[in-house]
Each structure stands twice: as C-alpha cells, then as structure tokens.
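Input: a single structure, listed below in structure tokens.
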Amino acid sequence: MLLSIDEGITGYRDDSLETVKQNRDDYEMPLKILSYKDLYGWTMDEIVAQIGRKNNCTFCGVFRRQALDRGAAMLNVKCIATGHNADDIAETVLMNVLRGDIARLKRCTAITTGSEGTIPRVKPLKYTYEKEIVMYAHYKKLVYFSTECVFAPNAYRGHARALLKDMEKIRPSCIMDIIYSGETMSIKEEVSLPTQRLCIRCNFVSSQEVCKACVLLEGLNKGLPKLGIGKSSKVKKLLDEYNTRQNNLETAVKDLEDCNITDKKTSKTCKNISNGFKQKECNATNCCTNKTERNVEKNNEKLQTVLDKYSLENNSQVKLDEEDSDDSEIKHQDEDDTCSSSCGRLGVGF
Ligand code: SF4
C-alpha cells in the first residue's frame, strides 16, 4: 500500500502528490493520502505564516512522524517502508553529531526501528546512494519528482548536506564511512537515554508524558507557536505562565466591568476643522474623517489599578520571544529524520 502525507506546502507537495497518484495508477496499488490539515487542523503554509521560516521544519518533521504512524494504523499494516537512502542516513548521522543528539544518533542508522507496541519502520534503501537511485529511475523511465520543498533552504539539515557533498568530492566513500561510523558508535552505559512510552493525550509513541506533536499543536492553537520550540522544562514554564495570565485575564475582565472606558472622536486628525471648512458637520464628537482615538479616562483610577494589578500592558508574545532568544543551540533539535531529508530532491514513488 502507498501512504503519502500531504503537509500542505503549495508549490511542492501538491506537485509531488501528482507523481504518487501516477505511481498508484501505474502499479495498481491502493494509495492513502493523509493531510496535516485533516489531522491537525493546520497546513504547513499556515504554520509558516505563524512561526516564520526559522523553525518550520521542526513542526513538519514531528507532525510527519506521527502522521505516518497514524496512516499506518489506519491501513492496518505491519510495517512502514520509507525511502531514506544512504545520503540521507549519512546526513542524519552528521546532523545528530553536530547537535549532540545522542538518542537520535543511536537509532538513526538502524535499518529497522520501532519500540514495542508501535508499527516498525524499515529503510530498504539505506545502503543505496542517491545517485544510483536517480540513475535507476532515469534509465528505467520511472515517474519521479524532483521539486525541492520551498522551505528546504532554511532547514538545518541543509548545512549537514552541504558539508557532506563537499567531503564526498574529496573522498567518495565518505557516505558509507559515516554510516559505518554511526552503526559502530557505542554510547556509554551511564548516559541516560529517553524511554519510549505513549502520549497521554493522543496515545502515539513519545519520549515525554505529552508528545512533541501535541505540545506543538497546543502552541499553535493557543497563539503561542514557539511553545514547543525548546527544552521541555522551558515549555512547561511558558505554558504555566500562559495559563496564569489567562486566569488573570478572566478575573480582570470581571473587575473591568464597572470601569469607564470611552471612545471619543479626536479633532486633531481633521483638517476641515482647522481650515474652518465644514465646521458645522465636524466637531469633537462627530467628525467627517470618521477617525477615532480610543481614550481611557485618565482619571479612572480603578482601571489603572486593575491594569497594574494584572500587568495587562505587557505583551505575552514579546515575553516569549525574549525568553526564546537564548535557545539557539536547541532550535533544530526536533527536525526529524523522517523528513526523508531530500524533501523533494528525489521522490521515486515514496
Ligand atoms: Fe517539511 Fe522538509 Fe519542507 Fe522542512 S524542508 S518544511 S521538513 S518538507
């Protein structure tokens, strides 16, 4: 069975899905397409509009990993075969070394992955160079797509890829050598690694009580898209702060009910008044420009007391941005290796 994930990336996935549909028809295989929009309520285009182009691959990788699990569960299959090739695996090894992600480094070279109770994944093309696959597809006249994801240039993986390509020019065997290094690397026993369990919210595999996909989604839905970008302790702190502020806001709204807030027309914006024209029509409460200025009565001490009490002049989003600013070392921590890393460079029906 063919399983495709539609991330909702205009100019990339819409094109490549046409190729997959062609594969479905050519090989007469059933195809299931699952979209982020249906699963999470957000397309990647919408997420990028919220988060910007810096951490978007974190969302995409985490959501894709879970979407594949969900799709496989729907199809009731025993195994998921992904199209990762040797170049992809070597890039992933390098990337995990560069960011010190020991847990992923340990498992990224495994040809079969999957903990107990989850649907295992296999990488049948693990030892096949990307070039070989392209040549095979070319000479066999297979239908494949080569559109690169429009967001790929900003992905952290791109740096590992560029480094690998440079090294390959000097030493062509370096791709296999890096895979071999990853396979034989052993982790000290005293290094604690996260244990796999099930997310208490969605019931899919996670290394935390609440999985990364649920945390990211919660951030998006609460208007705090950076919520899931960072260490879990920081995420918890931000969420606690957000909830406290929400509770404060609700109480503040009640307290504000008897405060006197008025809108009054401003005469400063209307030239007609100052020029002496249409003075009959224009005055401080009824102006032809229809421009108003929201004024809070300065003598409303109660309102000011309430604003001070709940710190309502502070913007929570600004605060979050500031708190995240020192987090550069972990920004790419969750770009997932399920991205097939090529992100469109090559898609021979996978
Ligand atoms: Fe998703 Fe890959 Fe595109 Fe990043 S580069 S947005 S992970 S498809």
Side-chain angles (χ1 to χ4, degrees), residues 2-20 33-71 80 82-85 87-96 98-99 101 104 108 113 121 123 125 130 133 144-165 211-213 215-217 219-220 225-226 228-229 328 330-350:
L2 301 173
L3 172 62
S4 265
I5 307 301
D6 178 5
E7 301 92 346
I9 303 175
T10 311
Y12 163 55
R13 188 52 84 195
D14 40 2
D15 279 358
S16 61
L17 281 178
E18 291 310 309
T19 307
V20 180
I33 298 175
L34 273 181
S35 72
Y36 283 6
K37 187 72 179 175
D38 288 343
L39 291 175
Y40 307 110
W42 294 79
T43 65
M44 270 311 293
D45 288 343
E46 290 167 347
I47 293 171
V48 172
Q50 291 290 315
I51 190 83
R53 290 194 168 219
K54 210 167 181 183
N55 293 301
N56 48 289
C57 293
T58 300
F59 285 81
C60 194
V62 170
F63 285 171
R64 187 191 293 107
R65 167 168 279 275
Q66 196 191 74
L68 279 171
D69 279 337
R70 289 193 189 199
I80 305 169
T82 59
H84 295 93
N85 57 47
D87 298 52
D88 298 332
I89 310 280
E91 276 168 18
T92 307
V93 173
L94 263 184
M95 197 166 71
N96 288 333
L98 292 174
R99 63 189 183 187
D101 190 338
R104 286 207 174 96
C108 71
T113 52
R121 292 166 187 241
K123 300 168 185 156
L125 300 176
E130 187 176 86
I133 299 172
Y144 66 96
F145 65 90
S146 54
T147 327
E148 188 178 60
C149 173
V150 292
F151 304 131
N154 299 299
Y156 182 62
R157 178 180 283 275
H159 301 296
R161 182 181 304 161
L163 178 59
L164 190 67
K165 289 295 160 206
C211 75
K212 193 77 177 172
V215 173
L216 290 172
L217 196 56
L220 285 171
K226 292 189 179 176
I229 313 289
S328 53
I330 50 165
K331 283 218 185 293
H332 305 286
Q333 196 79 6
D334 294 295
E335 273 180 30
D336 205 88
D337 55 359
T338 56
C339 182
S340 161
S341 84
S342 20
C343 285
R345 276 181 308 156
L346 173 72
V348 194
F350 296 103

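Just so you know, ligand 1 is whichever comes first in the structure, and atom 1 is the first atom listed for that ligand. If you read the sequence from its start, that first residue is 1, and numbering goes on from there.
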> What part of R64 sits under 4.0 Å from ligand 1 if we count only heavy atoms: the side chain, the backbone, both or neither?
Replying inline: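 It is the side chain that touches ligand 1; the backbone stays farther off.
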> Atoms of ligand 1 less than 4.0 Å from A152 heavy atoms?
Replying inline: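 Atoms satisfying the 4.0 Å criterion: 5 (S).
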> Relative to the heavy atoms of C149, which atoms of ligand 1 are at a distance of less than 4.0 Å?
Replying inline: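 Ligand 1 atoms under the 4.0 Å threshold to C149: 3 (Fe), 5 (S), 6 (S), 8 (S).
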>> Tell me whether atom 4 (Fe) of ligand 1 has C60 as a neighbour, meaning an N, O or S atom of it below 2.8 Å.
In response: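 No, outside the cut-off.
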> Got I133 and Y144 here, is their nearest side-chain heavy-atom distance under 4.5 Å?
Replying inline: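 Contact flag for I133/Y144 side chains = no.
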> Side chains of F151 and D45: closer than 4.5 Å at any heavy-atom pair?
Replying inline: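 Yes; the side chains approach each other to less than 4.5 Å.
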>> Run the ring-ring contact (aromatic ring centres under 6.0 Å, His included) test against Y40 and tell me which residues pass, sequence neighbours left out.
In response: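 Applying ring-ring contact (aromatic ring centres under 6.0 Å, His included) to Y40 gives Y36, F63.
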> Can you tell me if D69 uses its side chain to pair, donor with acceptor, with the backbone of A67 under 3.5 Å?
Replying inline: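 No.
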> In chain order, what residues pass the salt bridge (charged side-chain N to carboxylate O under 4.0 Å, His left out) check against D6, with sequence neighbours excluded?
Replying inline: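 Scan of D6 (salt bridge (charged side-chain N to carboxylate O under 4.0 Å, His left out), adjacent residues dropped) gives none.
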>> Between C57 and atom 3 (Fe) of ligand 1, is there a contact where an N/O/S atom of the residue lies under 2.8 Å from the metal?
In response: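 Given the 2.8 Å cut-off, C57 does not count as a ligand of atom 3 (Fe) of ligand 1.
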